[in-house]
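Note sheet for the following structure.
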Amino acid sequence: MNLLGIDTATATRAAVLRGDGQAFDRPASQAESGPHRDHAAKLLPAIASRLAEAGLDYGDIDAIAVGIGPGGFTGLRIGLATAIGLARAHGAELRPVSSLAALAAEGEGALRLPLIDARRGELFGALYEDGIQRWEAFAAAPDALVSRVQTELGEEARRLVAVGDGSLRFREDLESAGLAVAAPGSMSHAVSALALCRLAVSVEPVSPEALIPLYVREPDAIATR
Amino acid sequence: MILGIETSCDDTCAAVVSEAGIVRSNVIASQGLLHQRYGGVVPEIAAREHLAVIGPVIDDALERAGAELADIDVIAATSGPGLIGALLIGLSTAKALAAARQLPMVAVDHLHAHVVASALGERPIEPPFVALVASGGHTFLARVERFEEHQTLGRTLDDAAGEAFDKGARLLGLPYPGGPEIDRLASEGDSEAFAFPRSAPGEGLDFSFSGLKTALLYAVRDLGEARTAERRADLAASYQRAIVEALLARLESAVIRERVTRVAIGGGVGANRELRSGIEALGDRLGVEVWIPGFSLCTDNAAMIAGAARFQPRLEYPSYLGLDAYARAA
Ligand SMILES: [Zn+2]
């Protein structure tokens with residue numbers, strides 16, 4: 001089975017995992033940190049490049065592993081809408097994967113705290129142990145997160161490694177509270193589209209209308225009546 | 001055949017149109033009621049809903065046209081102006097569909113699509129003509145010399161006509177969207193009962209509706225709650241008459257100034273019954289031919305996007321992969 005993995009929760013990420021096990025990815029670079037508002041311009045060109053590198057046509061893709069966030073709402077929807085269009089074109093399956101699960105899947109440490117910058121001084125995150133999700137995806141301010149970790153994990157907290165752009169953004173807050181953050185240059189801070197592909201192998205395909213971002217936050221709207 | 005996709009505001013739309021401009025299907029999934037309790041379109045809610053229904057809406061448009069994806073030669077999508085988060089749903093889906101099928105793609109300007117909507121159907125309009133486009137987001141007059149482009153003759157300086165309807169409806173305690181509510185209520189009222197201001201100052205072709213909205217606000221305040229409720233139909237009728245007359249007066253000036261013999265309307269306000277009959281009467285009086293598209297071609301729709309795409313450059317694969325949406329008119 002040929003898998004295409006795409007993620008737009010943070011930077012634009014695309015990878016192909018060919019049926020023969022060969023992987024085609026482009027490692028994340030430091031240049032990809034910061035606000036990401038260019039998914040519309042970057043995503044399809046990245047997908048086209050990965051397919052060309054893998055020697056595949058669009059019609060050769062059997063399943064699309066799509067990162068459903070959490071992350072910037074507009075960016076996530078560009079990724080999901082792109083996946084819907086690609087899947088519709090040739091009947092490929094859509095397999096949703098949490099971008100946090102992908103962040104937690106690779107790198108050192110058994111107890112991992114993937115964190116994605118949620119803006120407004122908050123973090124999106126979840127807790128994983130050996131790939132098993134222990135905490136539901138949440139949005140929280142760093143100080144609230146730190147006190148939850150201390151209350152609920154106690155001694156265990158020393159085994160924990162925080163990863164993701166959110167952990168870099170609030171590195172000082174986390175480290176001064178005794179939490180370990182993966183080294184700044186580590187590849188484990190970027191969501192890996194290849195990790196999405198690997199996780200997607202055990203994910204059931206969904207219909208386009210069931211492909212919904214992991215929003216975590218409610219929309220800002222005020223009812224007038 | 002052309003598959004068109006439009007998600008610039010709160011309607012998720014897909015349509016199939018032939019190269020000759022015949023509408024094979026025109027699917028509109030309206031979110032109107034979803035935004036009702038907020039009194040207007042909430043961008044984030046609109047974008048969430050677009051994503052949830054874009055797949056089924058495209059399937060529906062193909063099925064109603066009796067077409068397969070293999071029958072589609074070109075994919076067209078609105079790239080702006082509109083709500084950026086909403087636009088990006090339709091545009092991203094369209095780009096991906098086109099890319100995966102290696103089809104050419106056309107990025108369509110939403111406003112231009114409204115202007116040339118009357119080029120669709122069995123009796124297409126021919127340039128040169130003047131078009132009045134009025135909706136919740138835009139109100140302007142345009143001259144069309146060739147279908148590829150239009151020249152803006154005048155535009156609203158403040159609110160759009162549809163916005164004036166929505167705000168008026170709110171002052172009268174009517175639900176959102178206000179246009180259809182005022183239209184319905186106005187038919188029971190006296191349009192001469194209240195004297196509301198008609199148009200923007202000056203001799204140009206620009207519009208202004210903020211003074212009218214303020215006049216209604218004062219009228220409602222002076223009447224008080226009970227009297228306003230009693231006279232709601234008269235207020236609605238007078239208010240609607242003022243909007244329609246402001247639109248018609250500028251349209252008439254444009255027709256005379258531009259010396260055209262053909263006139264078209266577009267935009268959601270084009271569904272207003274008083275405006276439709278007013279334009280017919282104006283056509284008779286000035287001796288010009290009038291094109292009034294059906295309701296589903298006036299309000300936001302994808303058939304007009306696919307139709308307008310016939311006159312725009314086709315981008316070949318892979319030149320459109322990096323195409324982005326834009327929020328504001330250039
Ligand atoms: Zn419109």
- Message: If you compare all heavy atoms of B:K95 against all heavy atoms of A:A40, which two are closest, and at what distance to 0.1 Å?
- Response: NZ-O, 2.7 Å

- Quick one: what part of B:L323 sits under 4.5 Å from any heavy atom of chain A, side chain, backbone, both or neither? backbone

- Message: A side-chain contact here means heavy atoms from C-beta on lying under 4.5 Å apart; do A:R88 and B:L62 qualify?
- Response: yes

- chain B: which of A:I47, A:T74, A:T82, A:L43 shares the most heavy-atom pairs with it under 4.5 Å? A:T82

- One should read off an interatomic distance between A:I84 CD1 and B:S92 OG, to the nearest 0.5 angstrom, of 10.0 Å

- Message: Looking at every non-hydrogen atom in both residues, tell me the closest pair between B:A52 and A:E209 and how far apart they are.
- Response: O-CB, 3.3 Å

- Query: Knowing that exactly one of B:T93, B:L88, B:L51, B:L91 qualifies, which makes a side-chain contact (heavy atoms from CB on, under 4.5 Å) with A:I78?
  - Reply: B:L88

- Evaluate whether atom CZ of B:R64 has more than 12 neighbouring non-hydrogen atoms of other residues, nucleotides or ligands under 6.0 angstrom away. no

- Task: Measure distances from A:L211 to the heavy atoms of chain B and classify the residue's part below 4.5 Å as side chain, backbone, both or neither.
- Result: backbone

- Item | Heavy-atom closest contact (B:G55 atom, A:P208 atom, distance) | CA-CB, 4.4 Å

- Task: Provide the closest heavy-atom pair for A:A48 versus B:Y317 in the form atom of the first, atom of the second, distance.
- Result: CB-OH, 3.9 Å

- Message: Does B:E19, at its CD atom, have more than 12 non-hydrogen atoms belonging to other residues, nucleotides or ligands within less than 6.0 Å?
- Response: yes

- Distance col, row A:K42:NZ vs B:D324:CG, nearest 0.5 angstrom, shows 12.0 Å

- When every non-hydrogen atom of A:L44 is compared with those of B:A99, the smallest separation belongs to CD2-CB, 4.4 Å

- Answer key: most heavy-atom pairs under 4.5 Å with chain A among B:D59, B:I84, B:I58, B:I54 is B:D59

- Shortest non-hydrogen separation from B:R48 to A:P219 and the atoms involved: NH1-CD, 3.1 Å

